J.: 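One structure follows; several queries about it will come next.
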Amino acid sequence: MDIGWFRNRDQKINIETIVKAITYLTSIIGFIAIFNHVNIFFSATFSALFLLSLYFEYNRRFYFPRLILNIFSIAVIILSFYRFNVSDLVVQIIEALLILLSIKLLEDKKFRDYMQIYAITLFLLAGLGLLSLDIVFVAYLFILVILLTISVVLLTYYSQDPNLELSRQMVMKIVLRSMYIPLLAIPLTVVMFVILPRTDYPIFNFLNRADKAKTGFTDNVKLGAVSSIQEDSSVILRINMEKIDDNSLYWRGVVMDNFNGISWKSLRKHLVSTAKPVNIKGKTISQTVYLEPYENIYLFALDKPVSISLKNAKKNTDFTYTSLGFIEKRTRYDAVSIISDTISDDIIDEKIYLQVPEDISLKITDLVRSLAPGSEKEEDIKKIYEFLNNGSYKYSLENLPLSKTPLEDFLFDIKHGNCEYFASAYAVMLRIAGIPSRLIGGYKGGYYNDMGGYYLVPQKNAHVWVEAYVKNKGWVRIDPTPAGMELFSFPLRGNLLFRLNLLMDTINYYWLAFVINYDFQKQLNILNSLKTTFKKPSIALALNMKNTVKYGIVLFFITAAVLMASFIATKVIRRETGEKKLLSAFLNKMERQGYKKKKSQGLEEFVLEIQDDKIRRHSLMFVAEFEKLFYRDQTFNDNQIRNLKTMIDLIKA
């Protein structure tokens, strides 16, 4: 397309060129939408074929024979069946659709080919909706719906006359008016979303997991294995709660009690839910947790969670919670925690919590005996802690000890490691000193988003710490890792890019909280709240600010829907009214002259049947001028209206 065309309002451009340009734009946006979800091989293949098709369009000298392209398309479909894997079905389908789209772009395109390209792009968008329902999906949905609507309208012009040429002004008018359709649908969709009944069983869930699970904690933590997670900045938790002291930000997930010299695991695989009374003193914190998908069953909550409201969640005796299956989709649950450094527990199985590997290093045993003679347990706990934090040992994620004796290497040779080494060394040394201990896995720290009122916890905040058992106190939390809290917050906090990312995350958070998690129970809650409000509207609104905000949002969208519909209706009706008045005036004049138009007749057909030559001649003049202006899709100006009225006045015998 000549760039000078944009500067010259009167220069014409062929409708086919416009249709091709917007078709390629639609295709590339469809590809970008699913780019992160498909294999690099399919992305590269699509990119290569896309560029090749652009080259062919530019030269207009060669197109692949349709038969060859059809054979390739059939081969792609057959290969897709060959790759069939129900665990990743949607990704396989969109990869196949992507290749089919690139093949369609190579063709010498006709009307149906353009429609097929639009249909494939729409299916790609549907596939994205099955893979991710983040706010990004809404952005692509909005862009593609508008582009596809414009494409179909332009294609209609193309189907009538492929050689039609349009001015820039006319193209812009068609594009803007085509946008009325999706813009009108948006507010109405919002209203329908709020009022239509919801179901707990999404129709298309059988096709694919909603989100792809990430690697996360397990109940078998191998020394050095978590370091890869601690370099991952993707978000794992969002917790809506009040802001608290940073030193209390321990998100409990897993308790591990058995160490084999290299890795920790939990031997208590079948803990039974318990209704044992909670004996913890401290501040109670309520949270709403949004847990991203990851490949395990543990549910995370602040410090010492005492309740988690999630269907089929199992509460364990060590204040951990598990789901029945892996967390394979974004999960929301409410939790109540008590902030306390200690868990009171009178009865423990010391045999479990004093276990050490049978081949434990004599060097470690001798070291513990020199540090903690065993006369005073609490004093021994303190001495071992000070030994690991006296400056000789450094926190690091690089060059970690990964031998068959990682603890011995850490304590006596390398002397640097991440939280796994510090916590493991501390727990094992406590056990050698006769002090029961266990390892706790979870997350530490996080960034409090003041805009959204929630904590943002990335994967890199994965952490393990120790609980030591002290007689007459219970389990006491001790974190031997010397890393400061700054390592568990986001880098570049004052950076503009960070603030933009935070803003996007806030928008995404509200999208997840209010739209994705909008379910039948919330609909009932809104209905009950409205019912109560209508009974005592002034009291309810005055006492419940939360409901006021909620109703305000609903009212805002309803008002926006009404205003948008009114605006569009006004624009359309206003245009129709002026033309309609002229046409009515013409038909009324003709009726007074004894000629009435049948509903089945076109205007030209009607006037050509008029017997009176003078009336027929003036009528034809009016009809020709009226149709000329009307079908140019332009608003009649005052001079044109006056001219048409004059023509109507001339119609008489």
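Keep in mind that what you see is a predicted model, and the values were worked out from it rather than measured. The residues of the chain are indexed from 1 along the displayed sequence. Below, each value reflects all heavy atoms present in this structure, side chains not excepted, and no hydrogens, waters or symmetry copies.
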J.: Hey, are Glu467 and Arg477 close enough for a salt bridge, meaning a charged N less than 4.0 Å from a carboxylate O?
T.: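 Judged by the 4.0 Å cut-off on N to carboxylate O distance, Glu467 and Arg477 do not form a salt bridge.
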
J.: Keeping the roles fixed (side chain from Tyr448, backbone from Met241), state whether a donor-acceptor pair exists under 3.5 Å.
T.: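 Looks like yes, one N/O pair under 3.5 Å.
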
J.: Under a 4.5 Å cut-off applied to non-hydrogen side-chain atoms, are Leu411 and Leu388 in contact?
T.: yes

J.: Tell me whether Lys222 is salt-bridged to Glu420, with the criterion being a basic N under 4.0 Å from an acidic carboxylate O.
T.: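 No, Lys222 and Glu420 are not salt-bridged.
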
J.: Is there a donor-acceptor pair under 3.5 Å between the side chain of Lys243 and the backbone N or O of Asn449?
T.: no

J.: Can you check whether Phe422 and Tyr395 have ring centres sitting under 6.0 Å from each other?
T.: no

J.: Taking atom CZ as the centre, does Phe137 end up with more than 12 heavy-atom neighbours from other residues, nucleotides or ligands that are less than 6.0 angstrom away?
T.: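 Result for CZ/Phe137: enclosed.
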
J.: Please check this pair: side chain of Trp475 against backbone of Val470, looking for a donor-acceptor N/O pair closer than 3.5 Å.
T.: no

J.: Do Tyr250 and Asp479 make a side-chain contact, defined as non-hydrogen atoms from C-beta onward lying under 4.5 Å apart?
T.: yes

J.: With distance as the sole test, does Lys377 use its side chain to make a donor-acceptor pair with the main-chain N or O of Ile435 at under 3.5 Å?
T.: no

J.: When you measure from the side chain of Asn390 to the backbone N and O of Ser392, does any donor-acceptor pair fall under 3.5 Å?
T.: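 Flag set: sc Asn390 to bb Ser392 pair under 3.5 Å.
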
J.: Could you check if a side-chain atom of Thr481 sits within less than 4.5 angstrom of a side-chain atom of Tyr393, using non-hydrogen atoms only?
T.: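 Side chain of Thr481 against side chain of Tyr393, heavy atoms only: no contact under 4.5 Å found.
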
J.: Any side-chain heavy atom of Pro357 within less than 4.5 Å of one from Asn260?
T.: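 Pro357 vs Asn260: side chains apart.
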
J.: Measuring centre to centre across the rings, with the benzene-like ring taken for any Trp, is Phe300 within less than 6.0 Å of Tyr443?
T.: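 For Phe300 and Tyr443, the ring centres are under 6.0 Å apart.
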
J.: Is any side-chain heavy atom of Lys283 less than 4.5 Å from a side-chain heavy atom of Asp245?
T.: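 No, too far: nothing below the 4.5 Å cut-off.
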
J.: Could you work out, with side-chain hydrogen bond (donor to acceptor under 3.5 Å, both in side chains) as the rule, every residue matching Thr288, not counting sequence neighbours?
T.: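 By the side-chain hydrogen bond (donor to acceptor under 3.5 Å, both in side chains) rule, Thr288 matches Asp334.
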
J.: Indicate whether the side chain of Tyr333 and that of Gln287 have a donor and an acceptor atom separated by less than 3.5 Å.
T.: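 Not at all, the side chains of Tyr333 and Gln287 share no donor-acceptor pair under 3.5 Å.
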
J.: Does Tyr454 form a side-chain hydrogen bond (donor to acceptor under 3.5 Å, both in side chains) with Asp505? I'd like the steps, not just the answer.
T.: CA-CA 11 Å; Tyr454 64 93; Asp505 192 81; 2.5 Å; yes

J.: I'd like to know if the side chain of His463 and the backbone of Gly445 have a donor-acceptor N/O pair within less than 3.5 Å.
T.: no

J.: Find out whether the Lys NZ or Arg CZ of Arg252 is both under 6.0 angstrom from the six-membered ring centre of Phe319 and within 45° of the ring's axis.
T.: no

